[in-house]
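Here's the structure we're looking at; comments come further down.
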Number of protein chains: 2
Amino acid sequence: METVAENQKVRITKKLEKMFGHIDYKNPPELCPVRDVMSVASDQWSVLIILWLGYFEKLRFNKLKKYVYGISNKVLSQRLKVLEADGYISRKAFAEVPIRVEYSLTEFGHSYVEKLLELTEWMQLNCPKVLANRERYGLF
Amino acid sequence: METVAENQKVRITKKLEKMFGHIDYKNPPELCPVRDVMSVASDQWSVLIILWLGYFEKLRFNKLKKYVYGISNKVLSQRLKVLEADGYISRKAFAEVPIRVEYSLTEFGHSYVEKLLELTEWMQLNCPKVLANRERYGLF
DNA sequence: TCATAAGGTTACTTTTTGTAACTTACTCTA
DNA sequence: TAGAGTAAGTTACAAAAAGTAACCTTATGA
């Protein structure tokens, strides 16, 4: 990662454009792709939802609620909607009584899980803080 | 990513342990490493702080505030403390008047930026939603 | 003596998140 | 036929988090 001295004027580079989406830092923050990417499925609940759906082929609402321990109906419902809209998961409703709804990861969702695991493994090896907790996790 | 049928009992595997930290899903969620990893420096403001510190070698409080457009003193101060505690950035205060404080990325912070950029590039190629926005970003 | 400066902190307001009770439509049991 | 149960959510309300704007400190220059 090449850096630039503080007093130096910002140079417009391909790399910077990719990082911020647009060189003008006064632009609305929604225009930053990195920010977008990280905001989509990086919150605590979404991560757990995605992980459990990565482990099970498919899960119904209440099963998912059981595994994503401590989540409420409202929050689970909200997160599922966002994750579906963003293409991580798919929702399949069956016209039964009572209604049955199955959630599963999309192709993209599965590859995102791989990325999450990669990042986590990398963090476990490189992040000072996580490293300090490895005993707590019982890993390695 | 291998998945497991819904009705199947959870098998305790090395992979699952890594994913959740502990097989018992009723454990406090702080015990999930993936969750930990994603929660540390993935919020909107932290990402921008890290990116700008990745671009500039070092930045003082008010410069940083200027680039991380729209952030307040309180939030910037808070995030900087957390990021420092977690090993992403380092803080250097000079005994001058008025006081001068320089923030910069640690070694780990720099490699995290690389990871962020990698993930973003990957997302831009694979995420349906981000792909739809690529025209807006003016990338590619 | 008043303004300015850097790097924050503090009291207060707004927004977001979470909680627990309720809903709907049907079926099973007493 | 009244009542309970079931799945997948909503809704009204409370708690927590985030944001805002004024203030602090120590010193220097006008």
Side-chain angles (χ1 to χ4, degrees), chain A residues 6-7 25-26 28-30 32 35-36 38-49 52-53 56 58-86 89-104, chain B residues 6-7 26 28-30 32 35-36 38-50 52-53 56 58-86 89-104:
Chain A
E6 183 184 359
N7 55 359
Y25 61 83
K26 289 186 184 176
E30 312 89 63
C32 172
R35 214 188 202 212
D36 260 25
M38 297 306 288
S39 71
V40 179
S42 67
D43 81 284
Q44 312 281 77
W45 293 124
S46 297
V47 165
L48 289 184
I49 291 168
W52 281 112
L53 285 178
F56 292 104
K58 57 197 176 198
L59 281 173
R60 299 174 64 174
F61 190 90
N62 283 316
K63 268 276 198 214
L64 198 44
K65 192 185 159 194
K66 177 185 145 198
Y67 285 110
V68 182
Y69 194 73
I71 199 170
S72 67
N73 287 17
K74 178 193 160 194
V75 174
L76 178 54
S77 173
Q78 273 181 347
R79 294 296 189 282
L80 287 172
K81 271 179 197 154
V82 173
L83 289 175
E84 193 196 357
D86 290 342
I89 66 174
S90 64
R91 179 186 186 276
K92 211 164 155 184
F94 298 85
E96 299 173 3
V97 170
I99 190 172
R100 176 162 63 100
V101 178
E102 287 178 354
Y103 292 96
S104 57
Chain B
E6 183 184 359
N7 55 359
K26 289 187 185 176
E30 311 88 62
C32 171
R35 213 187 202 214
D36 259 24
M38 296 306 288
S39 71
V40 180
S42 66
D43 79 285
Q44 311 282 72
W45 291 123
S46 297
V47 164
L48 288 184
I49 291 169
I50 287 177
W52 281 112
L53 285 178
F56 292 105
K58 57 196 176 197
L59 282 173
R60 300 173 63 174
F61 190 90
N62 283 316
K63 269 279 198 210
L64 198 46
K65 193 186 159 193
K66 178 185 144 198
Y67 284 110
V68 183
Y69 194 73
I71 199 170
S72 69
N73 287 17
K74 178 193 159 192
V75 175
L76 179 54
S77 174
Q78 273 180 349
R79 293 297 189 284
L80 286 173
K81 270 179 196 153
V82 173
L83 289 174
E84 194 196 354
D86 289 343
I89 66 175
S90 63
R91 181 185 185 276
K92 210 163 157 186
F94 298 85
E96 299 173 5
V97 170
I99 190 172
R100 178 162 61 100
V101 179
E102 286 178 354
Y103 292 95
S104 57

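Just so we're on the same page: letters track the sequence lines, and every chain starts at 1. FYI, side chains are in, hydrogens and waters are out, and symmetry mates aren't considered; it's all heavy atoms of this structure.
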| Atom pair CG (A:L83) and CZ (A:R91), whose distance is rounded to the nearest 0.5 Å | 13.5 Å
| said: Can you see if the side chain of B:R60 gets near the phosphate of C:dA6 - specifically, an N or O under 4.0 Å from OP1 or OP2? | reply: no
| said: What is the separation between atom NZ on B:K63 and atom C1' on C:dG8, rounded to the nearest whole Å? | reply: 19 Å
| Stretch residues 93-101 of chain B: residues that reach within less than 4.0 Å of DNA chain D through a heavy atom | B:V97
When you compare the protein's N or O atoms with those of nucleotides 14-20 of chain C, which come within less than 3.5 Å of each other, and at what distance?
residue, atom, partner, partner atom, Å
C:dG18, OP1, A:W45, NE1, 3.1
C:dG18, OP2, A:W45, NE1, 3.4
C:dG18, N7, A:K74, NZ, 2.5
C:dG18, O6, A:K74, NZ, 2.7

| Can you name the side-chain contact (heavy atoms from CB on, under 4.5 Å) partners of B:K81, sequence neighbours left out? | B:S77
| How long is the span from the CG atom in B:D43 to the CZ atom in B:R79, to the nearest 0.5 Å? | 4.5 Å
| Terminal contacting nucleotides, 5' and 3', DNA chain D versus chain B (heavy atom, 4.0 Å) | D:dA18 to D:dA27
| message | How long is the straight-line distance from CG of B:L80 back to CG of B:L53, given to the nearest 0.5 Å? | response | 7.5 Å
| request: Mind checking the CD-NZ spacing from A:E102 to A:K58? Nearest 0.5 Å is all I need. | output: 4.5 Å
| note | Axis-to-axis angle for the helix from C:dT1-D:dA30 to C:dA30-D:dT1, ends of five pairs each, to 10°, equals 30°
| task | Using side-chain contact (heavy atoms from CB on, under 4.5 Å) as the criterion, list what pairs up with A:N73, not counting sequence neighbours. | result | A:F61, A:K65
| said: By the 4.0 Å heavy-atom rule, please label A:K65 as base, sugar-phosphate, or nothing. | reply: nothing
| request: Between B:N62 and B:S77, name the one whose nearest nucleotide on DNA chain C is closer to the 5' end. | output: B:N62
| query | How long is the gap from NZ on B:K63 to CZ on B:F56, to the nearest 0.5 Å? | reply | 7.5 Å
| Minimum heavy-atom distance between B:L64 and B:W52, given as atom pair plus value | CD1-CB, 4.4 Å
